[in-house]
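Heads up: the structure comes next, in structure tokens.
None of the values given here were measured: they were computed from a predicted structure. Any value given below was found using the heavy atoms of this structure, including those in side chains, with hydrogens, waters and symmetry copies removed.
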Amino acid sequence: IVQGGQFRREEITTFDIPFETELFPSQMPTTSLFPTKTTLPSSSPTETCYSISIAITFDHCPYETSWDVRRIYTEGGEIADEAMVKSFDNDGEGAGSSYTDSLCLPEGLYQFTIYDSFGDGLWRWDEDSDRYNVTYFDDVIVQGGNFATNETTIFEIPFKQTSVIT
């Protein structure tokens, strides 16, 4: 599609997808990795994406906290398979600091699990408030902080309050 050249800050090349080109033998690169005709498939999105937000306020030992979101597949009402969507291991957030993340999920069934390696959750003796929440726009999927080693919530996307299983 493009070969290097001299430029100062950036070089921009515009091309159409699918991209097709006929290269004559005299124009072929010296390497044999390039075919004489190239067709790239179009990459149009196939699924609608629904955004969720995860917000955590860490306790006095933030390195104990991690979480993951998995897409789960059921068969006959039982979990048949899982696929990791995203995971987070805290290795840089400080005590009492806040962390937020957003995920864009296609329709399906999901499982959010928050972990505490010490086993005291996100509890703080000087506070009695929720330390984490997962939201879909203004709807709270789950919130909490008072758990031991982990807390798991299963929910459906697009989100319906009646689909939450804790």
Side-chain angles (χ1 to χ4, degrees), residues 1-2 9-15 17-19 33 40-166:
I1 295 175
V2 67
R9 239 168 101 182
E10 63 184 50
E11 182 176 21
I12 298 173
T13 302
T14 304
F15 55 92
I17 299 291
F19 175 77
L33 296 175
L40 298 176
S42 71
S43 58
S44 61
T46 58
E47 293 185 289
T48 301
C49 177
Y50 300 88
S51 183
I52 68 165
S53 294
I54 298 167
I56 300 172
T57 301
F58 296 104
D59 61 9
H60 58 283
C61 298
Y63 51 86
E64 298 170 352
T65 306
S66 61
W67 62 262
D68 62 45
V69 173
R70 299 172 186 265
R71 187 168 187 177
I72 56 177
Y73 303 90
T74 58
E75 213 171 88
E78 300 292 321
I79 294 177
D81 197 10
E82 299 179 359
M84 181 69 70
V85 174
K86 185 167 184 179
S87 64
F88 169 83
D89 287 314
N90 189 1
D91 60 358
E93 303 294 331
S97 65
S98 295
Y99 164 88
T100 58
D101 201 349
S102 294
L103 300 175
C104 206
L105 305 174
E107 287 186 22
L109 196 59
Y110 292 88
Q111 173 180 293
F112 170 80
T113 305
I114 188 163
Y115 305 90
D116 185 89
S117 62
F118 185 75
D120 64 350
L122 293 175
W123 181 81
R124 284 183 55 122
W125 61 270
D126 59 341
E127 285 184 26
D128 190 27
S129 62
D130 293 322
R131 307 288 295 174
Y132 79 90
N133 65 55
V134 180
T135 56
Y136 174 76
F137 294 101
D138 292 332
D139 292 326
V140 175
I141 296 172
V142 64
Q143 63 187 8
N146 189 10
F147 60 94
T149 56
N150 65 66
E151 187 166 70
T152 297
T153 301
I154 296 173
F155 59 96
E156 191 175 1
I157 293 292
F159 180 67
K160 299 175 203 93
Q161 191 66 47
T162 56
S163 73
V164 175
I165 301 168
T166 54

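Closest approach of Val85 to Arg71, counting heavy atoms only: CG2-N, 3.7 Å. What you find for Thr100 and Ala55 is that their closest heavy atoms are CG2-CB, 3.9 Å. The minimum heavy-atom distance linking Gly96 with Thr57 is given by the pair O-CG2, 3.8 Å. Of all the heavy atoms in Ser51 and Ser102, the pair that sits closest is OG-CB, 4.4 Å. Among all heavy-atom pairs drawn from Ala83 and Tyr73, the shortest one is CB-CE1, 4.2 Å. Pro158 approaches Tyr50 most closely through the heavy-atom pair CB-CE2, 3.8 Å.
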Run the side chain to side chain contact (heavy atoms under 4.5 Å, CB included) test on Asp116 and Thr65 for me, step by step, so that the C-alpha distance in whole Å, both residues' side-chain angles and the decisive distance to 0.1 Å come before the verdict. CA-CA 5 Å; Asp116 185 89; Thr65 306; 4.2 Å; yes

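Going from atom CZ of Phe159 over to atom CG of Leu105 covers 12.5 Å, rounded to the nearest 0.5 Å. Between the OG1 atom in Thr149 and the CD atom in Glu64 there is a gap of 12.0 Å [rounded to 0.5 Å]. Atom CZ of Phe118 and atom OH of Tyr63 lie 8.5 Å apart (nearest 0.5 Å). The structure places CZ of Phe155 at 8.5 Å from CG of Leu109, a figure rounded to the nearest 0.5 Å. Summarising the geometry, atom CD belonging to Glu156 is positioned 10.0 Å from atom CD1 belonging to Ile72; distances are rounded to the nearest 0.5 Å.
Counting only heavy atoms from C-beta outward, the side chains of Phe112 and Ile54 approach each other to under 4.5 Å. Between Val164 and Val142, every side-chain heavy-atom pair lies at or beyond the 4.5 Å cut-off. The shortest side-chain heavy-atom distance between Lys86 and Asp101 falls under the 4.5 Å cut-off. The side-chain heavy atoms of Val134 and Thr153, taken from C-beta on, include no pair separated by under 4.5 Å. Using a 4.5 Å heavy-atom threshold, the side chains of Leu122 and Glu151 count as separate.
With sequence neighbours excluded, no residue forms a disulfide bond (SG atoms under 2.5 Å apart) with Cys61.
With hydrogens and angles ignored, the 3.5 Å screen pairs no side-chain donor or acceptor of Arg131 with any backbone N or O of Ile56.
Under the disulfide bond (SG atoms under 2.5 Å apart) criterion, the residue pairs touching residues 83-114 are Cys49-Cys104, with sequence neighbours excluded. Annotation: side-chain hydrogen bond (donor to acceptor under 3.5 Å, both in side chains) contacts involving residues 135-147, sequence neighbours excluded, comprise Asp130-Gln143.
Ring planes of Tyr99 and Trp67: tilted class, angle from 30 to 60°.
Each of Asp89, Asp68, Thr152, Asn150 was scored for a side-chain hydrogen bond (donor to acceptor under 3.5 Å, both in side chains) with Tyr115, with one residue passing: Asp68.
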